[in-house]
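The structure under discussion appears below in the form of structure tokens.
Every chain is numbered from 1, with letters handed out A, B, ... down the list of sequences. Note that these values count all heavy atoms, side chains included, but never hydrogens, waters or copies made by symmetry. It should be emphasised that the depicted structure is a prediction, and the values quoted were computed from it without experimental measurement.
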Amino acid sequence: MGFFFEINSMNYWIIKSEPNKYSYTQLEKDGRTFWDGVRNYQARNNLREMKKGDLCCYYHSNEGKEIVGLAKVVKESYQDPTTEDKNWVVVDVEPYEKFKSPVSLSKMKEVKSLENLGLIRNGRLSVIKITKKEFDVILKLSAQE
DNA sequence: GCCAACGTTGGC
DNA sequence: GCCAACGTTGGC
């Protein structure tokens, strides 16, 4: 029964990183990392809401401007170890799946069903909640050439 | 490098 | 509690 609860409570996210700071390739090399450096309350609240097993679209900002793959939340939020400030938290993520074809921002802007995507509506937020529908559309795009 | 969009800070 | 000033992010 808990099984169904897990499925229903699952959330989907977009997390952003500049590839020259921490790329998806680096995450694959490391095998696991804590998602630090979030200093925005809205993004922080999203981090707190993340549950183990949630999937995150990994977006490369500035360079690439595309979602390159998926990461999985493997540990829920805890104090950001890089600061004493109790306001900030991290989660642990692992690489989950690298996309065959990355999904570019320009592509997503073209897609009608993604017009309300948080990434497009508020480009500055670094941790974005998305719907299952949006997630599915992105996955579909990643399977295309 | 520019600038729009947004968040934060601090004076009143 | 308002709002001007400032800082940051990130697309272009």
Side-chain angles (χ1 to χ4, degrees), chain A residues 6-145:
Chain A
E6 288 291 330
I7 287 175
N8 291 332
S9 68
M10 177 143 187
N11 280 316
Y12 299 91
W13 311 92
I14 295 172
I15 55 177
K16 296 198 302 193
S17 182
E18 293 180 37
N20 59 4
K21 287 186 182 158
Y22 196 88
S23 66
Y24 190 77
T25 308
Q26 189 61 46
L27 178 62
E28 284 180 319
K29 272 184 203 157
D30 293 345
R32 176 175 178 144
T33 195
F34 53 85
W35 203 255
D36 67 320
V38 171
R39 296 291 182 270
N40 167 286
Y41 289 104
Q42 209 182 331
R44 188 278 314 271
N45 292 345
N46 285 339
L47 283 184
R48 280 189 177 159
E49 227 190 294
M50 284 186 179
K51 296 290 179 215
K52 207 169 170 176
D54 283 0
L55 292 177
C56 308
C57 297
Y58 200 110
Y59 179 77
H60 279 172
S61 60
N62 285 322
E63 286 171 50
K65 280 168 253 172
E66 57 192 12
I67 295 170
V68 292
L70 300 177
K72 186 168 74 169
V73 177
V74 291
K75 185 177 178 185
E76 292 172 17
S77 66
Y78 57 98
Q79 171 68 34
D80 186 334
T82 66
T83 176
E84 294 288 302
D85 191 335
K86 298 287 183 225
N87 280 318
W88 309 119
V89 299
V90 298
V91 297
D92 285 3
V93 296
E94 282 179 357
Y96 183 74
E97 188 195 348
K98 187 174 184 172
F99 284 168
K100 280 207 178 75
S101 21
V103 181
S104 69
L105 181 63
S106 57
K107 181 77 202 171
M108 288 185 274
K109 282 181 171 172
E110 286 171 15
V111 178
K112 179 77 178 155
S113 52
L114 294 179
E115 66 183 352
N116 289 321
L117 193 69
L119 183 69
I120 295 166
R121 300 202 102 181
N122 180 5
R124 295 187 38 194
L125 190 60
S126 62
V127 183
I128 302 154
K129 193 175 189 174
I130 63 174
T131 65
K132 167 111 174 71
K133 270 186 185 170
E134 290 166 337
F135 180 79
D136 288 342
V137 171
I138 290 165
L139 272 199
K140 202 171 271 181
L141 293 173
S142 77
Q144 293 171 2
E145 278 310 310

Quick one: salt bridge (Lys or Arg N to Asp or Glu O under 4.0 Å) partners of [X], sequence neighbours excluded?
X: A:Lys16; result: none
X: A:Lys129; result: A:Glu49
X: A:Lys21; result: A:Glu18
X: A:Asp54; result: none

Exercise for the section: Would you classify A:Arg121 as touching base, sugar-phosphate or nothing, given that sugar-phosphate means primed atoms plus P, OP1 and OP2, and contacts are heavy atoms under 4.0 Å? Expected result: sugar-phosphate
Anything under 3.5 Å between a donor and an acceptor, one on a side chain of residues 88-97 of chain A, the other on a protein residue two or more places apart or in another chain? List them.
unit_1: A:Asp92; atom_1: OD1; unit_2: A:Tyr78; atom_2: OH; d: 2.5
unit_1: A:Asp92; atom_1: OD2; unit_2: A:Arg32; atom_2: NE; d: 3.3
unit_1: A:Asp92; atom_1: OD2; unit_2: A:Arg32; atom_2: NH2; d: 2.9

Fill in the blank from the handout: The contact string for nucleotides 4-12 of chain C, one letter per nucleotide 5' to 3', using protein heavy atoms under 4.0 Å with B, S and - for base, sugar-phosphate only and none, comes out as ---BBBBBB
